[in-house]
Amino acid sequence: MIQELIGAAVGLAGVAGVYTAAAARVVKQYERGVVLRLGRLYGGVREPGFTMVVPVVDRLHKVNMQIITMPVPAQEGITRDNVTVRVDAVVYFRVVDAANAIIRVEDYRFAVSQMAQTSLRSIIGKSDLDDLLSNREKLNEGLELMIDSPAVGWGVQIDRVEIKDVSLPETMKRSMARQAEADRERRARVINADAELQASKKLSEAAGVMSKEPAALQLRLLQTVVAVAAEKNSTLVLPFPVELLRFLERAQRTPEPASPDPPSGDGGGGEDTHGVGEGGGEPRELPATKRREGPADRG
């Protein structure tokens with residue numbers, strides 16, 4: 001009798017051990033458990049730790065609550081300004097409601113991936129090429145909003161969406177390079193012209209100061225000679241006095257001497273415009289008054 005009781009107890013312990021082994025489940029810290037009993041949701045979400053289910057009747061689904069990084073395959077499309085581009089992105093999302101992620105959608109990962117691809121193609125068609133290249137923050141916000149709207153009902157929250165790369169055709173790359181080069185050349189010319197304008201104003205002011213002080217121009221010439229001599233080159237600089245140039249200029253401005261009058265009709269000589277000074281000196285200019293020659297003059 002005692003042996004039968006011991007055997008029954010051992011059998012019951014074995015059955016209990018097998019049942020416990022079959023019903024025991026462990027939910028990790030970053031997971032949540034959803035139990036379906038006979039195909040229907042049973043109870044709430046199982047928290048991390050040890051939990052029990054009814055073998056054969058219950059089925060435990062574990063949902064990862066960590067942030068998932070999903071790359072979006074490159075999508076080719078035409079922008080609003082008719083440029084063909086190829087854009088890829090990356091989506092960061094996580095599950096916030098484990099029950100909805102299991103019940104509302106068959107595969108929430110695949111659903112988010114397809115929604116991200118279609119939203120990316122839509123963003124490409126609504127944007128210009130300049131926005132894709134320089135205004136990505138605004139596009140990322142719009143793309144995140146487009147993906148997050150349907151994902152809320154799936155128990156999924158979109159944390160962030162980033163556009164990774166924008167691939168352009170080679171012809172477009174060359175055209176943009178030429179445009180950028182032309183723009184840089186235009187800015188360089190504008191800066192150079194502005195510098196010339198400022199330099200001309202300063203030179204004009206310097207010329208006004210030097211015109212008041214003639215010695216300043218001579219000092220500037222000497223400074224130029226010193227600067228050229230310090231270069232240790234074979235250039236020979238010969239300063240030409242500015243005063244000499246001014247003297248020659250004044251000499252050219254002096255009036256020319258008057259031409260002699262033609263002889264009179266009575267055979268007498270005309271008026272002498274130049275005479276000889278005493279002692280046989282240099283000819284000098286006589287007064288311009290007319291007089292008639294006398295006998296003493298003819299002798």
Side-chain angles (χ1 to χ4, degrees), residues 71-72 74-92 119-146 160-246 248-249 252-253:
V72 181
Q75 303 297 313
E76 187 172 354
I78 300 176
T79 61
R80 191 165 57 182
D81 50 354
N82 298 326
V83 179
T84 303
V85 295
R86 190 177 181 87
V87 183
D88 58 351
V90 59
V91 180
Y92 301 90
S119 300
L120 182 57
R121 286 194 294 268
S122 178
I123 283 293
I124 293 174
K126 294 178 181 179
S127 305
D128 295 331
L129 180 60
D130 293 338
D131 294 335
L132 289 175
L133 297 177
S134 60
N135 196 13
R136 293 189 181 183
E137 290 79 8
K138 183 178 180 180
L139 297 181
N140 292 337
E141 294 176 359
L143 188 58
E144 179 181 349
L145 182 61
M146 294 179 65
R160 191 169 185 176
V161 182
E162 292 287 342
I163 295 177
K164 293 173 59 178
D165 187 26
V166 179
S167 300
L168 300 175
E170 294 297 329
T171 55
M172 179 58 64
K173 291 181 180 179
R174 290 193 294 268
S175 299
M176 294 177 65
R178 290 195 299 268
Q179 179 182 1
E181 183 179 359
D183 186 65
R184 287 193 297 268
E185 184 178 357
R186 178 184 62 83
R187 290 199 300 265
R189 289 184 177 180
V190 170
I191 294 173
N192 189 19
D194 186 47
E196 292 291 340
L197 177 61
Q198 295 179 7
S200 63
K201 292 180 179 179
K202 295 298 181 181
L203 289 176
S204 177
E205 295 176 2
V209 174
M210 289 183 180
S211 63
K212 297 178 182 178
E213 297 292 339
L217 185 59
Q218 189 69 19
L219 292 176
R220 184 69 184 110
L221 179 60
L222 294 177
Q223 290 178 357
T224 305
V225 173
V226 172
V228 173
E231 296 294 335
K232 296 182 180 180
N233 51 23
S234 59
T235 304
L236 180 62
V237 179
L238 297 177
F240 195 78
V242 181
E243 297 296 334
L244 182 58
L245 294 177
R246 294 178 178 174
L248 295 176
E249 184 180 359
Q252 290 180 355
R253 292 179 180 178

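Keep in mind it's a predicted model, so treat the numbers as computed, not measured.
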Looking at residues at least two apart in the chain, or sitting in another chain, which of them share a salt bridge (charged side-chain N to carboxylate O under 4.0 Å, His left out) with Asp81? none

Is any side-chain heavy atom of Val90 closer than 4.5 Å to a side-chain heavy atom of Val161? no

Taking side-chain hydrogen bond (donor to acceptor under 3.5 Å, both in side chains) as the cut-off, I'd like each qualifying pair that reaches into residues 188-205, sequence neighbours left out, listed once. Glu185-Arg189, Asp194-Gln198

For Ile78, check side-chain contact (heavy atoms from CB on, under 4.5 Å) against everything at least two apart and list the hits. Asn82, Thr84

Residue pairs fulfilling side-chain hydrogen bond (donor to acceptor under 3.5 Å, both in side chains) with at least one residue in residues 128-141, sequence neighbours excluded: Arg80-Asp128, Asn140-Glu162

Residues two or more places apart in sequence or in another chain: which of them pass side chain to side chain donor-acceptor pair (under 3.5 Å) with Arg187? Asp183

Qualifying residues under side-chain contact (heavy atoms from CB on, under 4.5 Å), relative to Ala206, sequence neighbours excluded: none

Show the nearest heavy-atom pair for residues Leu143 and Leu120, with the distance to one decimal. CD1-N, 3.5 Å

Please report the interatomic distance CD(Gln75) to OG(Ser119), rounded to the nearest 0.5 Å. 10.5 Å

Give the table of side-chain donor-acceptor pairs shorter than 3.5 Å for residues 165-181, with sequence neighbours excluded, one pair per line with atom names and distance.
| residue | atom | partner | partner atom | Å |
| --- | --- | --- | --- | --- |
| Ser175 | OG | Thr171 | O | 3.0 |
| Ser175 | OG | Arg178 | NH2 | 3.4 |

Can you tell me how far apart OG1 (Thr79) and CG (Leu132) are? Round to the nearest 0.5 Å. 7.0 Å

